[in-house]
Structure formats: C-alpha cells, structure tokens
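Notes to accompany the following structure.
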There are 2 protein chains.
Amino acid sequence: MHETRTVTPAGRRILEAAEELFYGRGIAAVGVDLIAERSGVTKRTLYNQFGSKDALVASYLAERDRRWRSLVRQEVESSPDPVEAVTAPFGALRTWSRTSTRGCAFINALAELPDPSLPAYRVVTEQKRWLLELFTDLATAAGCAGPDTLAVRLLVLHEGALAMQPLPFDALTQSTELARELVRAGLGTREPGPDARRRLAR
Amino acid sequence: MHETRTVTPAGRRILEAAEELFYGRGIAAVGVDLIAERSGVTKRTLYNQFGSKDALVASYLAERDRRWRSLVRQEVESSPDPVEAVTAPFGALRTWSRTSTRGCAFINALAELPDPSLPAYRVVTEQKRWLLELFTDLATAAGCAGPDTLAVRLLVLHEGALAMQPLPFDALTQSTELARELVRAGLGTREPGPDARRRLAR
DNA sequence: CGAGAAGTACACTGATCGGTGAACCATGCC
DNA sequence: GGCATGGTTCACCGATCAGTGTACTTCTCG
C-alpha cells in the first residue's frame, strides 16, 4: 500500500534539482527556468507536476523534512539505551551537517517567506513541533525530570547549533555535550516511562 | 569629532525603509524601486548614496548591528553585578524581540546571500564573533570556570532562542533560565577577572 | 557671485521573473 | 483501435528586476 505513485520520475528529478538550488542559493534567488534546466525537464512539465512555484517550494520542504525525520528515527532506533536516545538527534545533526552546511532549510525558508498563509509555513512549524514532541517523548522514556522543560532546552540547543552552522564556529560539539549533561543531570529522579523509541511511527 | 556627516537625511530615510522591508519581507523579495518609494526618495538618489543594492544591504546589516550592540552594551552596563552581566544579552534579546519577530536578521541574510565574497557576509560573521567575545569577557570577569567553553554554550543558547523566534514556541524563557543556571554553576571555582563591563568600548 | 553638493523628474535599458497556450509525441492499458 | 497519461517543443505574456543618463532645481558656503 506504499503509494510511490504520487510523483513521476520527472517529478523526482525536479524535486532533487529544486532542493539543491533552493537550499544552496535561497528560494527567491532561484527561478523556475533554472530548476527546469537543471533537472533536464521542460518548464511546462514542472508546472504540470507542481502547479506553481509556491507549491514546489512546499514540496521541497516537505521532502527535506521527510528525509530528516527518517535520519533522526534511524539514529534514535540505533541508540544503545533510552538515555543515549534522548540526544540521538544531535548525532543525526552531525551526520546531516556533512552535506548541509548552510543552516536550517526551514528557518532559511521562513526568512524568505514571511506570509504564514503560505503552505510552506505550516511545513516548517510542523517540523519543529515534531522534534519538540520527540524530545519530550524520549526524555520521558529515559526517566528524566521535567521532560517538557528539558525538551524545550534541547530544542533550543539543537536549533542554535543548526543556525550557527554557516558561521566559522564549532557550535555543534559544545551543543551536543551540553545536551548530554542536561539529560544526565535530570536522571534518577523519576520513574522511566515506556521506551519511546517504539513510538516513532509517523 | 563625531562624524555624522557620512549619511545624509535622505540616506537615513532610505536606510530606515530598507531595514523595515528587508527584515520584514526578505532581501531578494524587495526591489530598490519599492525602497525608494517608501522612503520618499528617487531611485537616482538611492544609487547616488549607496551605489548598488548589495552595498545597501551591507549598510542595512551594519546599521542593525550597530543598534543591536548599543542595546546590549546598555543592558550589560546597567547590570547590578558582574554575574548578572554575563546573561545581560538575553535580557537585551527580550527587549529586542518586542519589535523584531522574524528571527535573526543576520542569519536570515545568510540564507539569501550564500556568497561569502559579498560584503554582507563579513558583517554577519563579525556580529557573531563580537557576541562570542563579549560572552567570554563577561564570563571571565564574573569568575566563571572555563569561560571559553561557557561562552560558546551561551552563544548557542542565544542563537537558538533567536532562531525559533518566528515559531509559536516560547524558547527565550527557557534559554535565558538555562543560561543563568550555567553561569551560576560555573562560579566560585576561579578568581574573578577584571570587570569586563568596563571594556565595552567600540 | 559662483561653485559644488544633494536631490528631483523622467525616460530608458536589457534581462529575468512566474506563468500560459497550443500542438505534438510516446507509452501502455482497456 | 481508442484513449488517457506524461512529456516535449516553442512561442508568448505582462510585470518586475537592478541600474543608467540627462537635465533641472535648491541650498549652502566661501
């Protein structure tokens, strides 16, 4: 029942080109003509598949979100224990940074698309909310005290490291280290909940 | 010897309009014609004053940086003691957020201007470096252990809260609270240095 | 008086923007 | 055969883009 039918082969190539160009140069700076040329496709096909540039932008962000969540899930599930799992997204971020060196694609998109009515805006807020809830679940499962507060703090550390990525400072190392310390400091004061790593569905 | 002569009255109005539009809508999304119209000035005057859009963008960022540093200095100097002063930039951020709700103008600019050769890029890196060094100085002055490490962590918290600003999460409160805890935890293990609040010149 | 600086008015450039219309072609499925 | 689907080719649209040239005005300062 896996519906790979929603996107055609040409659609995939368009999305790949759009992702590289939008992330690398900014959304407004990239024209649809360039995306069509890079993906070896006519502009007509691009519009037949996506309808508008706004819609293509939303698809680009949704696709990137999908890949990011997939990586995080993988990292969480391969964690040796529930405590390590809490900071697994920071490990994912390390991996992610090897190919993405221009900061957070979603924050960057918000910088260019201020209108909350745009479909892309919802994708961005959903992405951050997902990560916040994941942190909450993982912290609860590990038995951390104050999982809600801890989750917000971990999210801030995560976003901070991501935001500073384009600058010549190594923020990720300290961010990860501090995150681990926070998790360790919150242990033992509460009963561990059920292993949240099993609740990663969707 | 204060040289306010570098910018004419028309130049000021152009900068004000540019700041509002660039920050609010994104740099690439705003044309020079619109800026000229909003500032009640001819496009010719704009180009006579700034030479190019790239140069205007750099001026916009530099001016915003100047105002931001001024606010931070003010907040630091009005801190009751050196320990409070370390987290003073978080107080400044609280004030700043009342009028700036679209995240960090500098990070946002980087999202649109990937080319490090652009004059704006240097403005952004300098801005973050300044804040990092300020944190280091303040932490040293307050007698915190490991001031360099602490400064990086405070910077990450600061940037994280700023990056999440456009989203519907209250990150600043937790970010500030955690920053205070970090500073408190690092106290007493080291001799306080000279009061860094006196070394804010420039 | 005269010079220079700041600003206005306005026309104009070539390029690029997002988006459309219409005709045509290939594949595969009923 | 018939017909829908996915794709191509290509010409075209009005709007906007950053940036320039030229001539005129207005003000200040020496």
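Within every chain, numbering begins at 1; the chains are lettered A, B, ... in the order of the sequence lines, protein sequences first and strands thereafter.
Taking the salt bridge (charged side-chain N to carboxylate O under 4.0 Å, His left out) definition, one finds that A:Arg64 meets it with A:Glu19, sequence neighbours left out.
Between the C1' atom of C:dC17 and the CD atom of A:Glu112 lies a distance of 15 Å, rounded to the nearest Å. For the pair A:Leu34 CG and C:dG18 P, the computed distance is 10 Å after rounding to whole Å. In this structure, CZ of B:Arg25 is placed 14 Å from C1' of D:dT16, rounded to the nearest angstrom. In this structure, A:Asn48 atom CG and C:dG21 atom P are separated by 11 Å, rounded to whole Å. Rounded to whole angstrom, the span from the CD1 atom of A:Ile14 across to the C1' atom of C:dG18 amounts to 15 Å. Straight-line distance from the CG atom of B:Asp33 to the C1' atom of D:dA15: 12 Å, rounded to whole Å. As a whole-Å value, the separation of B:Leu46 CG from D:dG19 P is 10 Å. A:Gln49 places its CD atom 13 Å from the P atom of D:dT5, with the value rounded to the nearest Å.
When side chains are defined from C-beta on, B:Asp65 does not count as touching B:Trp130, because their heavy atoms never get closer than 4.5 Å. Using a 4.5 Å heavy-atom threshold, the side chains of B:Thr176 and B:Leu157 count as separate. Using a 4.5 Å cut-off on side-chain heavy atoms (C-beta onward), B:Ile35 and B:Phe22 make contact. Using a 4.5 Å heavy-atom threshold, the side chains of B:Arg153 and B:Leu182 count as touching.
Here the closest non-hydrogen pair linking A:Ile27 and A:Glu112 is N-OE2, 2.7 Å.
Within the 4.0 Å cut-off from OP1 or OP2 of C:dT8, at least one side-chain nitrogen or oxygen of B:Thr42 is found. Phosphate contact (OP1/OP2 of C:dA6, side-chain N/O of B:Thr8, threshold under 4.0 Å): absent.
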Counting primed atoms plus P, OP1 and OP2 as sugar-phosphate and everything else as base, spell out the protein contacts along nucleotides 22-30 of chain C at 4.0 Å heavy-atom distance: B, S or - for each nucleotide, 5' to 3'. B--------
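Shown for residues 50-63 of chain A: residues whose heavy atoms fall under 4.0 angstrom of DNA chain C, namely A:Ser52, A:Lys53.
Of the N and O atoms on the side chains of B:Ser52 and B:Asp54, not one donor lies less than 3.5 Å from an acceptor on the other residue.
Separation of the B:His158 and B:Trp96 ring centroids does not fall under the 6.0 Å cut-off.
Not a single donor-acceptor pair under 3.5 Å links the side chain of A:Arg25 to the backbone N or O of A:Val30.
Among the atoms of the strands shown, only primed sugar atoms or phosphate atoms (P, OP1, OP2) are found under 4.0 Å from some heavy atom of A:Gly40.
Minimum atom distance to the side chain of B:Thr45 is reached by C:dG7, of the listed C:dG18, D:dG7, C:dG7.
Comparing B:Lys43 and A:Tyr47 by the nucleotide of DNA chain C that holds the closest heavy atom to each, the one mapping nearer the 5' end is B:Lys43.
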